[in-house]
Amino acid sequence: MSRDHLHSAGRPATGAGAPSGAAVTPDPGAETPFLELLARGAPAEAYEQPVLLARAEGRPADRIAALERARLLALRVRSDLEGRRRREAELSALFETAHDLAGLRDLDAVLQAIVQRARSLLGTDVAYLSLNDPDRGDTYMRVTEGSVAARFQQLRLGMGEGLGGLVAQTARPYVTDDYFKDARFQHTRAIDAGVRDEGLVAILGVPLMLGPHVIGVLFAADRRARVFEREQIALLGSFAALAATAIDTANLLTETRSALAGLERANEIIRDRSEVIERASDVHDRLAELVLRGGGVHDVAAAVSQVLAGTVEFAEADATPPQALEASRAEGHAVRHGDDWIAAVAAGGELLGSLVLRGHPGLDPVDQLTLERAAMVTSLLLLARRSAAEAEQRVRGELLDDLLDAHDRDPRLLRARAARLHADLDATHVVLAARLDGPAADAEQEAAARRRLWAAASHLAATRHGLAAARDGGTVLLLPLGPGDTATEVARRTASHLGTAVHEPVTVGASAPVADLLAHPDTLATAYAEGRRCLDALRLLGRSGDGAAAEDFGFLGLLLAGERDVTGFVDRTIGPVVAYDERRGTDLLRTLDAYFACGMSPARTKDELHVHVNTVAQRLERVSRLLGEDWQGPARALEIQLALRLHWLAAPARH
């Protein structure tokens, strides 16, 4: 459109602010700001600015009127340009489909491609194609895409039955936004049952025509109420015409001259768009290569960044603008957010994150589709990785269950299974019993919390080359004991780590270190029972959210331990004194025994031992150096007395 035409098209006989009947002199500079807006593709609201600015500057009324006329004219031009761009995008998608179909020769492949393309073009939940059967006088479901109901996929319809029968009879498109409330076509029990099984609500059907004959119907349907726009109906109708031609070609029919002419025109446009197609092909090849070699989400982002000549990043769902993320998930397309483009990475109803194209406000439809395909590949990679992790968690849990329960399993097979999980059953381990201590509102929330605990424990076990399994309302872990580690330290670290992961207090009880798991099959079950007793003791003592081992409970640890380690308790409590007496031939143990028997009175102790009181004091000072200054405190004194009693009881057995 020429500049003179722009002037004449927007020029009224009289202008605002001009005397009635007087000719309006055009303002040659009024169109300039709007031409600049058109040139840079500004949004519609930007066209108000020149008029508002002129008013704010107090420009003459005729100048403002000229700007108003130029604005209206520019908006009409902008609308025309937008419409042309939209039609160009639709034609591009249609011609790309024609190009793909042109390379297919097998009828089944042709029909599958038709339905897939129909579903993709309109973005519907389901697409399907029915073909007429002249021999039986009915129509049958030949190909479906997105369908999940077996009865729906096997439907056969009599001529004139259902929505498809109406389309076939009238040879015209038909659309309903609510299938079961639409009484304008013949409902049958079989068809309605199939549609109900599939959950379809809104359905659009267009005829597949060969000349004047209807050979089938192409459908696009959603499982929710939806109004199909006139442009969408026309687009699917155009695609159906191309699809009918493809079917005709696959069946070697001869009435294809008009279709071949249309394909020739499509090829001319495709040649003009060859660079775009090559770029899309390059993206496809790169993404396929990434998937095959086991690439990650960041590899996908890097590959798409190169193709789109921009910065593409993967972002977690909580780090993405929520409105844009939800819009992309709902629409199934990348959406613009400021100067960025956001494509939701979703699986079913779950948002896994997004791909964000930074600082790239102008994006043509092919590049937008590239970003959307990359988001789909990213979701597949994330799901595959999650599935692999869950499978490994189950395998680790099954192995630990077998170690705990199946004592007759072949040790060689157990060792081989552990090796595949990078776990060394010959190392020294600690068995930990973990349980949530946060309140649960109901059974469902409690079950969800237990699943989170199991997932966090499984992840920890995998990173530590251990095993984890859900058990007895909590989780059991088998973790290797590192150099310099104690069972107590492992229990406390595990409680802290799991509590942070699930955002709730997690209490952990640990067994004493266990070795030779495969040589002594019952050891692991005994250690697990010991860990559970420690866990129960912590909860009874009000230490929820903490971790401990039997050794942390002093003489109470004898009751908690699976095996009563009397010798170990005695050695930990008075071992230095026993060793000193054995080396020096002294009587520190007998002095301690008499000291406690005499109510911790040095004076009565010297009478009991028949020695001088200074001798008693010297011996007690030596005990302090061996056991520590706090040995006479109530808690330590009680443990020392118990250790002395156990030592004397065991002494006859030693001699």
Side-chain angles (χ1 to χ4, degrees), residues 1-92 229-231 308-313 315 319-328 330-331 333-343 354 356-368 371:
M1 183 179 294
S2 69
R3 183 182 182 91
D4 292 340
H5 183 66
L6 287 174
H7 285 183
S8 61
R11 184 184 304 148
T14 60
S20 177
V24 178
T25 303
D27 187 339
E31 297 90 344
T32 301
F34 299 105
L35 290 174
E36 293 175 351
L37 292 172
L38 285 171
R40 69 169 185 262
E45 57 268 18
Y47 289 74
E48 294 285 350
Q49 295 300 321
V51 179
L52 295 176
L53 182 60
R55 288 175 177 164
E57 293 175 351
R59 296 297 181 91
D62 58 346
R63 171 65 175 178
I64 294 175
L67 287 171
E68 284 283 5
R69 291 192 297 274
R71 181 180 69 85
L72 294 175
L73 181 59
L75 286 174
R76 286 201 298 272
V77 173
R78 181 182 180 278
S79 178
D80 289 343
L81 292 175
E82 287 291 331
R84 291 178 182 178
R85 278 195 289 268
R86 185 172 61 254
R87 287 192 294 275
E88 181 183 356
E90 294 172 351
L91 283 174
S92 175
E229 303 294 339
R230 180 178 301 174
E231 292 81 2
L308 299 183
T311 301
V312 177
E313 300 172 350
T320 306
Q323 291 183 346
L325 182 62
E326 180 58 29
S328 176
E331 297 173 9
H333 297 291
V335 298
R336 184 173 171 181
H337 180 72
D339 288 342
D340 301 337
W341 283 82
I342 294 175
S354 66
V356 183
L357 175 59
R358 303 286 186 190
H360 207 309
L363 198 65
D364 64 40
V366 174
D367 287 342
Q368 181 179 343
L371 184 62

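Numbering starts at 1 and runs along the sequence shown.
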Within this structure, what is the [atom1]-[atom2] distance for the pair [X] and [Y], rounded to the nearest 0.5 Å?
| X | Y | atom1 | atom2 | answer |
| --- | --- | --- | --- | --- |
| Glu36 | Leu38 | CD | CG | 10.5 Å |
| Leu37 | Arg71 | CG | CZ | 11.5 Å |
| Leu67 | Asp62 | CG | CG | 10.0 Å |
| Arg63 | Glu68 | CZ | CD | 12.0 Å |
| Arg59 | Leu53 | CZ | CG | 7.5 Å |
| Ile342 | Gln323 | CD1 | CD | 10.5 Å |

Would you say the side-chain atoms of Ser354 pair up with the backbone N or O of Ala343, donor to acceptor, closer than 3.5 Å?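 No; zero donor-acceptor contacts below 3.5 Å.
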Heavy-atom pair of closest approach, residues [X] and [Y]:
| X | Y | value |
| --- | --- | --- |
| Arg78 | Ala42 | NE-O, 3.0 Å |
| Leu371 | Ala334 | CD2-CB, 4.0 Å |
| Ser328 | His333 | OG-O, 2.7 Å |

Checking side chain to side chain contact (heavy atoms under 4.5 Å, CB included) for the pair Val356/Arg358: CA distance, chi angles, key distance, verdict? CA-CA 6 Å; Val356 183; Arg358 303 286 186 190; 3.5 Å; yes
Heavy-atom side-chain proximity of Val51 to Phe34 below 4.5 angstrom: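 Yes, close enough: below the 4.5 Å cut-off.
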